[in-house]
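By convention here, the first residue in the shown sequence is residue 1. Counting starts at 1 for both ligands and their atoms, following the listed order.
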Amino acid sequence: MEQEVVVIGAGVSGLAVAAGLGRMGIDRFLVLEKSDRLGGTWRDNHYPGCACDIPSHLYSFSWAPNPDWSRMFASQAEILAYLERTAKAHGLAPKIRFQSEVAEAHWEARAGRWRIVLRSGETIRSRLLVAATGILHHPQIPKIQGLDTFEGMVFHTAGWRHDHDLSGRRVAVIGAGASAIQVVPAIVDRVRQLFLFQRTPPWIAPRFDRPFDEKTRRRLRFVPFYRLWLRSRLFWIHELRAKGFLTDPSTMARIENLCRGLLERQVKDETLRARLTPNYAVGCKRLLISSDWYPAITRPNVELIDSGIAKIGPQAIITTDGEAHPVDTIIFATGFDAQNLLSHLPIRNGEGRSLFAHWQEMGMRAMLGTTVAGFPNFFLMTGPNSGLGHNSQIFMIEAQVRYIMDCLRRMRRLRATVAEVRSEAQDAFNVELDERMAHTVWKTGGCRSWYLDPATGRNTLLWPMTSIAYWRRTRKIQARDYSFTRAVG
Ligand code: NAP
């Protein structure tokens, strides 16, 4: 049967699209999921200590509130359980086809529909296609000389080997980003020795985590508007930080003081403190929160190594100063390849050109992170420049879903079968985006982050305005920005 919509991926954004389609009364849709379980990044990342750094009452769907979050910042297991429960409760689960990996998709211009080819060889046709494949999907393992000669265990945080007991081992953790700061405190007690390879120190603010007791949870469940009040409060606490990221880094002074205060309280050794102090503006790289990172890395069985890695031998990591650090386990906490979206999944337009190839030439650009000129009836979730540095990504995802649904509504109203963003509109939007980006801390803060395209230095991932501005712009599709036509077929 031909589908009206096919969604690729059953992570947070795929589920949000499915719920949106359900609310629109669209029944002919499928969510294709390559794995045998939903949850996306929350399924793949199950390393010890994995949790969300945005409070759960904010990092959850507005249409699926959960008064029962056990604490302010829920763990990965609790978030995954929430996503699974929500998919069931909202009738989304039957729409997901598991173990259905999409190999490629082709736009058939005459017929005005997508031909989606699965790895199994099966073909599905659909009027519209939504890629909800996520940004943090392909783990990045740096090419280090000699890695293939290493005789011990090697894995990435996003592919944690729970079958590999770390007790009594000599472990290297490479990287000091958002994943590392959660992993290290969770494993430090178990390992014999931990070598932490830090290339750049992160800014870290205290994590004001706390469990919600039974009384609070009851209040969240039964007291009218209490949960909504908490969610709004958390939203605005985060949203008010936007100014510092976007236009006025001086307003970050308060956060910098908070970070410096934590470092001073938790690290007494001045030399070590200096090595842990970033030399770039707060917010330039993702601002991290942790109250147990510094206590963990100042444990006697931890050594901070900040000279670069030269090579890896069969039983050691050798740094540029010539020193060999004997290890039997290497854990890469080195992040994800976020600059090559859809490199593994060719989405081909009418000329047979893949979106990845198109972006290689034009740079990763889209309209409001959602539609791309030259790729009709195709929508992206969390596409270029729709990521957030200061608030909940789920807020952006829900705004994006609303935008897609408004496009569908307009297509119906106009009896159109094909919608495509006009390239002039997309170009004008991107000019504005780049102008605004120029003033943000991500461009001016003096760091090299994974938000920036290494070839051009352009920030291809983050939204350079407030979340509210994104919500406002995505509430309704601007008809002048799109062409709505009828396909022949
Ligand atoms: P990340 O923040 O990109 O950190 C990667 C770390 O590895 C950085 O310290 C980086 O150093 C280092 N690194 C990369 N390549 C290296 C190399 N060749 N040699 C030495 N060090 C190298 O990755 P992540 O920690 O996996 O986090 C990625 C993103 O996932 C986060 O920014 C966040 O958006 C998300 N995340 C969220 C949560 C959450 O709580 N919600 C938790 C985990 C992750 P440099 O800084 O020098 O590049």
Counting only nitrogen or oxygen atoms and a 3.5 angstrom limit, does Arg448 reach ligand 1?
no

When you measure from atom 23 (O) of ligand 1 to each heavy atom in Gly308, Gly335, Ser290, which option holds the nearest one?
Gly335

Could you tell me whether some N/O pair between Ile309 and ligand 1 is separated by less than 3.5 angstrom?
no

Please state whether the rings of Tyr451 and Trp442 are parallel, tilted or perpendicular, taking 30° and 60° as the class boundaries.
perpendicular

Just let me know how Ala51 lines up against ligand 1, side chain, backbone, both or neither, with a heavy-atom cut-off below 4.0 Å.
backbone

Any nitrogen or oxygen of Tyr451, side chain or backbone, less than 3.5 Å from one on ligand 1?
no

Could you label the plane-to-plane angle of the His162 and His46 rings as parallel, tilted or perpendicular, counting under 30° as parallel and over 60° as perpendicular?
tilted

shortest atom 4 (O) of ligand 1-to-protein heavy-atom contact is with Gly177 CA, 3.6 Å

Using a 4.0 Å cutoff against the non-hydrogen atoms of Gly175, which atoms of ligand 1 qualify?
6 (C), 7 (O), 9 (O), 12 (C)

Among non-hydrogen protein atoms, atom 46 (O) of ligand 1 lies closest to Lys285 NZ, 2.7 Å

Among all the protein's non-hydrogen atoms, which is closest to atom 25 (O) of ligand 1, and how far away is it?
Ser179 N, 2.7 Å

Can you spot which of Arg227, Arg221, Arg217 makes a salt bridge (charged side-chain N to carboxylate O under 4.0 Å, His left out) with Asp68?
Arg221

Any N or O on Thr200 sitting closer than 3.5 Å to an N or O of ligand 1?
yes

Distance-only polar pair, side chains of His439 and Thr444, donor-acceptor under 3.5 Å:
no

Atom indices of ligand 1, in the order listed, that fall short of 4.0 Å to a heavy atom of Pro142:
17 (C), 18 (N)

Mutual orientation of the aromatic rings belonging to Phe61 and Trp63 [parallel < 30°, tilted 30-60°, perpendicular > 60°]:
parallel

Could you tell me how the ring of Phe245 sits relative to the ring of His390: parallel (under 30°), tilted (30 to 60°) or perpendicular (over 60°)?
tilted

The atoms of ligand 1 lying under 4.0 Å from a heavy atom of Trp450, numbered in the order shown, are 2 (O), 3 (O), 29 (C), 31 (C), 32 (O), 34 (O)

Is there side-chain contact between Ser62 and Arg231, with at least one heavy-atom pair below 4.5 Å?
yes

So which bit of Gln140 gets within less than 4.0 Å of ligand 1, heavy atoms only: side chain, backbone, both or neither?
neither

If you count the non-hydrogen atoms of other residues, nucleotides and ligands that lie under 6.0 Å from CZ in Arg233, is the total more than 12?
no

Using 30° and 60° as the class boundaries, would you call the ring planes of Phe197 and His325 parallel, tilted or perpendicular?
perpendicular

Looking at Met362, I'd like to know if its CE atom is crowded, meaning that more than 12 non-hydrogen atoms belonging to other residues, nucleotides or ligands lie closer than 6.0 Å.
no

Short N or O distance, Asp53 and ligand 1, threshold 3.5 Å exclusive
yes

Tell me the protein heavy atom at minimum distance from atom 44 (C) of ligand 1, and give that distance in Å.
Ala178 CB, 3.5 Å

In terms of the angle between their ring planes, are Phe395 and Phe235 parallel, tilted or perpendicular, with boundaries placed at 30° and 60°?
tilted

Under a 4.0 angstrom heavy-atom cut-off, which atoms of ligand 1 come close to Tyr47?
42 (C), 43 (C)

When distances are taken from atom 11 (O) of ligand 1, the protein heavy atom at minimum range is Arg199 NE, 3.7 Å

Can you tell me which portion of Phe336 lies within the under-4.0 Å heavy-atom range of ligand 1? Options are side chain, backbone, both, or neither.
side chain

Within the structure provided, determine whether Arg190 and Arg169 are in side-chain contact (heavy-atom separation under 4.5 Å).
no

Any nitrogen or oxygen of Ala333, main chain or side chain, under 3.5 Å from a nitrogen or oxygen of ligand 1?
yes

Please could you name the atoms of ligand 1 that Ala176 approaches to less than 4.0 Å, counting only its heavy atoms?
6 (C), 8 (C), 9 (O)

N-O pairing of Glu78 and Arg71 below 4.0 Å
no

Show me which atoms of ligand 1 lie under 4.0 Å from any heavy atom of Leu136.
29 (C), 30 (O), 34 (O), 35 (C)

